[in-house]
J.: 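First the structure, then my questions, so here it is.
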Amino acid sequence: MGGYQYPATEIKFCLEHIAKLKRLEAQFPNYSDDLLEPILSEAGKFAEQCVAPTNRQGDLDPPKMVDRCVQETATFKPVYDALQEAAWTTLSAPEEFGGQALPRALEVAFNEGVQSANLSFSLCPLLTQGAVDAIETHASDELKSTYLPNMISGKWTGTMNLTEPSAGSDLAAIKTKAEREGDHYRIYGQKIFITWGDHQMSENIIHLVLARLPDAPEGVKGISLFLVPKYLLDENGQPGRRNDVFPISLEHKLGIHGSPTCVMQFGESEGALGYLVGQENNGLMAMFTMMNNARQSVGLQGLAVAEAAYQMALEYAQDRKQGNVRGVEGKVAIAEHGDVRRMLWQMASMLSAMRALMYTASVEGDLAKIDKSHLVRNELYTPIVKGWLTELALEITSTSVQVFGGMGFIEETGVAQLYRDARILPIYEGTNGIQALDLVGRKLKADKGAGMAALIEEISTDLASFAQLDEHVKALSLQVKLLQSSTELMLDQQVNVSEAAFDYMMQSGYVLGGWLLLKGAQDAAADEAWLAKTKFYFDHILLRANSAAESVKGFKSDQSIPKVALLNK
């Protein structure tokens, strides 16, 4: 097959004409319009030519444990070296520590290509970006100057260590402990599901670890965050002797085989030496900086892997000849069959809606640094981006397998790998149920719905100004009213919020997707493909928002879902 092709044209359209990237020029002096096209062009070349050829090998030849170390897939290190040499890791980082100080939205555009090309590989630099954010925001000046330059350059990578065998999403239950020792701490405990917890691609690995001090209060208020390097630094600030932190096993997973998911042991003997990030007993706030970065990033992963699956399905459907179509002589490509054509348009229209939301949210994230209203909007978008995009990613990768038919179920075609890889995404960084509860319990509740009200008002104002596609404006106006009604039900607790939250999150995603597709369709730069995908979305996908709204209403506050009973034997 032809291989992955970076969708530079649509990414550029979403950034320029929907997300309005130009708004960032005043905030980012290093950015100007003439940078966008060359950055996207080079990002595409890197993803297509350097990263994509390694994806299959990562699935077939996963990392292995060798002498208490993880040896990554052989082809990954040359790609990582090329990533570092091209300075892709420095795009949005501050100049003070060696970064280029460009908008994060451009980093998102680069990351989409790498994640589509090889999701397993992409997780390593992605986690480092999140660790950089947490250290830059919360660590002391000494820690920043010591660790950030090498992490930003890519010489050192970063990880996030939250989960423990007895504490999954319930971080209050973590048992890893920290003991004070002069100007540092000794860390003891075990963490599981640590993505890229060990490897040989970088000179050092900087672990961010949640742990509890002996006199810490109970619950999440007693959690502290520590920076724990794989190699302790010598007097010249270079990696020296090995710290007391080791991978003790690798998880055997459904997908993302090329990404080593480690069980990490901290303090097997003398204790892993670590340094406090932020204040004692206030580590969760610091870690949330990394987690919120990761949540939108996981949404991007959903978009990316779904794009790769769609491209494979489209190419196969255009090449595979089977069956007949009335009025055409001989065998035809299966793309000419009605049901296959339906699936291809369904995937394409959802992908454009997903991409429009992803880049709109990424620009809001950049604007959030200077304006509180944008901060509120970005926080509101985050659980929707993570939840809605990853749910649709599962549907799109599954549909792609369906387009292939029986061949899709055969591993050699490669599309099954994307289906398996995508399955982790609704679980990563807080399950989508947790994202939905965050949307309702934190984001809506925090300002009594003011942020959502402002978003709904903006959509309504746009709809009033749209001159084309009147039937679509009418259809979306109805869905906006239903979303407003669902929001009121949530705020007034007229429904069982914990049960209705997921449908509310999905309803929000479908409405936002419709709004942004229509926004793009009003722009003079919209091509025929965008207009056709918008029409298909409004005719066949937006209706799901109505179903979600009905489901939200069905979770009445006085009628809880029955407790699960054992089946009769």
J.: Take the angle between the ring planes of Phe536 and His540 and call it parallel below 30°, perpendicular above 60°, tilted in between.
T.: tilted

J.: Indicate the ring-plane relationship of Phe46 and Phe110, choosing parallel, tilted or perpendicular according to the 30° and 60° boundaries.
T.: tilted

J.: May I ask you to test the Gln27-Leu24 pair for a side-chain heavy-atom distance under 4.5 Å?
T.: yes

J.: Is the backbone of Leu483 close enough, under 3.5 Å, to the side chain of Thr487 for a donor and an acceptor to pair up by distance?
T.: yes

J.: Given side chain to side chain donor-acceptor pair (under 3.5 Å), test Glu395 with Gln346 step by step and report yes or no.
T.: CA-CA 10 Å; Glu395 181 178 349; Gln346 180 174 302; 3.1 Å; yes

J.: Are there over 12 heavy-atom neighbours, none belonging to Gln494, within less than 6.0 Å of that residue's CD?
T.: yes

J.: Is any side-chain heavy atom of Ser400 closer than 4.5 Å to a side-chain heavy atom of Tyr310?
T.: no

J.: Quick check: does any side chain N or O of Ser557 sit under 3.5 Å from a backbone N or O of Val495, one acting as donor and the other as acceptor?
T.: no

J.: So, does Asn496 use its side chain to make a donor-acceptor pair with the main chain of Asp558 at under 3.5 Å?
T.: no

J.: A side-chain contact here means heavy atoms from C-beta on lying under 4.5 Å apart; do His138 and Leu208 qualify?
T.: no

J.: Which class fits the ring pair Phe404 and Tyr316: parallel under 30°, tilted 30 to 60°, perpendicular over 60°?
T.: parallel

J.: Could you walk me through whether Ser122 and Asn111 pass the side chain to side chain donor-acceptor pair (under 3.5 Å) check?
T.: CA-CA 8 Å; Ser122 74; Asn111 286 342; over 6 Å; no

J.: Verify, without hydrogens or angle tests, whether Ser398 (side chain) and Leu394 (backbone) share a donor-acceptor contact under 3.5 angstrom.
T.: no

J.: Does Lys191 use its side chain to pair, donor to acceptor, with the backbone of Leu210 at less than 3.5 Å?
T.: yes

J.: Going by heavy atoms in the side chains, are Leu21 and Tyr359 under 4.5 Å from each other?
T.: no

J.: Ignoring hydrogens and angles, tell me if any N or O in the side chain of Asn432 forms a donor-acceptor pair with the backbone of Gln435 under 3.5 Å.
T.: no

J.: Would the distance check show the side chain of His257 and the main-chain N or O of Lys253 forming a donor-acceptor pair, the cut-off being under 3.5 Å?
T.: yes

